[in-house]
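As the structure is a prediction and not an experimental result, all values here were calculated from the model. Ligands are counted one by one from 1 in listed order, and the atoms in each one are counted from 1 as well.
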Amino acid sequence: MTTETREFQAETRQVLRLVIHSLYSHKEIFLRELISNASDACEKLRFEALSRPELLGGDTLGVELVPDAGAGTLTVKDNGVGMSREEVIENLGTIARSGTRKFLEALSGDSARDAQLIGQFGVGFYSAFIVADRVTVLTKRTDSEGVCWESDGEGAYDIQPHHKADRGTEVILHLRDEDKEFLARERLEHLVRKYSDHLSVPIVLRHDGKEETLNQAKAFWTRPKQELKDEDYQAFYKHLTHDWDDALAWAHHKVEGNLEYTSLLYLPKRAPFDLFDRDQKHGVKLYVKRVFIMDKAAELLPPWLRFVRGLVDSQDLPLNVSRELLQNNRTVEKIKSALVKRALDLLEDLATGKPEAYAEFWNAFGVVLKEGLIDEDAPHERIARLLRFRSTASEGDAAGVSLADYVARMKPEQKAIYFLTGDTLAAARNSPHLEGFRARGFEVLLLTDRVDEWVTNHLREFEGKKIENVARAAADVESAIETPDKAAADSAYKDTLERLGKVLAGKIESARLSGRLTESSACLVAGEHGISLRMARMLKQAGQNNPFPMLPILELNPRHPLVERLKDATGDEAFADLAHLLHDQAVLAEGGQLDDPASFVKQVNKLILEGLSSKPKILLG
Ligand code: ADP
């Protein structure tokens, strides 16, 4: 028979090495992962047998553990679906997930940080190489020929046909000398009880000619809640998700009546690396009457809850439900809206009961939850209450500020909820737009996610208070920062402002004085109705059309010496130099890019030299 040797896909090798390395102190999890795969294979067979009962015949689906001290091997065996040759190559030869390369590039070489990151990968089958220096997989699907796959996990694997008689898979681990402990009956029994007790298929240990069923073999979610301990939920979570970490929180519900289902929803602690990969499916597992139907049933939760893991077991859906059927099904719609409520309940409980854990959730997934505000069908009011922000009043507050916190400490004279968006927290905190608000003691929320530009377009009010961008020329913003000497200053600057409008034509809509600024000379603000300047910039960077092309307004601080100089400048060239300089500074402070950076540098240098010379008035003509 022909043996073919194939290389692992390049990324697979790299991930493999990292996984083995970082899991060295948790070797035992290989057993959980392999049993988990074997049990999934049995569930898949049960599903296929719905339409082809002959597949199952009289078989009892299950997993067997066979330690062989003589050969030094541990075998994990199942009579599930098995794999065809193509499936073996696809499943065991690649980590066929888009984004893997990008993920690997993100690794820093700092092993502590990388170990955290690598945890975002499900380890799965590859964990076999933690304890085995060689792994042999014998597998057979019902209608195809058997296959033997073998590898030392270094760089290549061998694959050849194999006369395997029965359907299913055997994973044979050739244990390293130092890992022979995994041949001991007590050790295996203990590990199965610890990690795999909740699986619905029987796990049988074959030892000294005896057979011993190690688990309860009852679907975990069907067991009464009061019987289940936190450790049980955590163990089941790891089986479901292949996550190395514990779950952050969960909610387990059995619902009877019109709609009958059991749901078990988990919040992970960390975001998977492909959370923002549009091609990647996310979602909970779907069971119908305890039979596994599909992984990642995206139809059961909206995209803004795609971080939720877990399962739903419905009594009402037909067993032959397909993806197509899920898309236009009233029962699915009802389950979906029930799950949205359950997920939001879970988040609200966490936010009130365990603010620190909620902060952890928020840091990992807040940016996804926010997308719900853009979804027309989502409960915006509930989502708005779950939002957390940085703000000018919360320097090191890890938990973040909620809109309710903000409203509770608003100044009596304050009319609206104020926010500012920026590319980084530092840029936002130092933005000239904040100065007037800071001077009046008004708190401003600081938003730095890209999605915030869209979110704030949709989130216009909270508890009857308007939500306003401080970098926009809106009435509630203007009135908040009006200065008492405004009228006098306006008339003193009338000519200067008109002149500015002409000199900067094409760059600004108009120029005016503002109470926004207390320290800086100038800033740009967006008109009341256009999109924000940051959003316009983001669209431009993405090569997209701006649907509302509008020029910004240049605002000046009449108390700033440079602005006073501008007023006193008589020569046209001096006026224009200073006007461009003020404008360009405002662009930079706002996070924008200059059309002509070299001229800006020249003008700054000219001004510095003037300042250094003894006759500064020359510049001003
Ligand atoms: P995951 O289970 O997260 O997809 P794994 O690396 O554990 O990742 O496994 C990759 C794939 O290999 C599985 O999705 C499954 O299709 C297949 N596989 C693994 N073990 C078995 C098995 N015992 N029987 C059938 N298929 C299996």
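- Ring pair F361/Y358 is tilted by interplanar angle, where 30° to 60° counts as tilted.
- Applying the side chain to side chain contact (heavy atoms under 4.5 Å, CB included) test between H282 and each of R306, R309, K296 identifies R306 as the sole match.
- Aromatic ring orientation, Y233 versus Y266: perpendicular (interplanar angle above 60°, classes split at 30° and 60°).
- The pair K44-E48 does not count as a salt bridge, with every side-chain nitrogen at least 4.0 angstrom from each carboxylate oxygen.
- At a 4.0 Å heavy-atom cut-off, ligand 1 touches D78 through the side chain alone.
- In this structure, of S39, A41, A38, the residue bringing a heavy atom nearest to atom 25 (C) of ligand 1 is A41.
- Ion pairing between a basic and an acidic side chain is recognised when a charged N comes within 4.0 Å of a carboxylate O; R85 and E4 show such pairing.
- Distances below 4.0 Å separate heavy atoms of K44 from the following atoms of ligand 1: 16 (O).
- Checked against a 3.5 angstrom limit, the closest N/O atoms of F125 and ligand 1 fall inside it.
- Residue N37 holds the heavy atom nearest to atom 7 (O) of ligand 1 of all those in N37, L34, N79.
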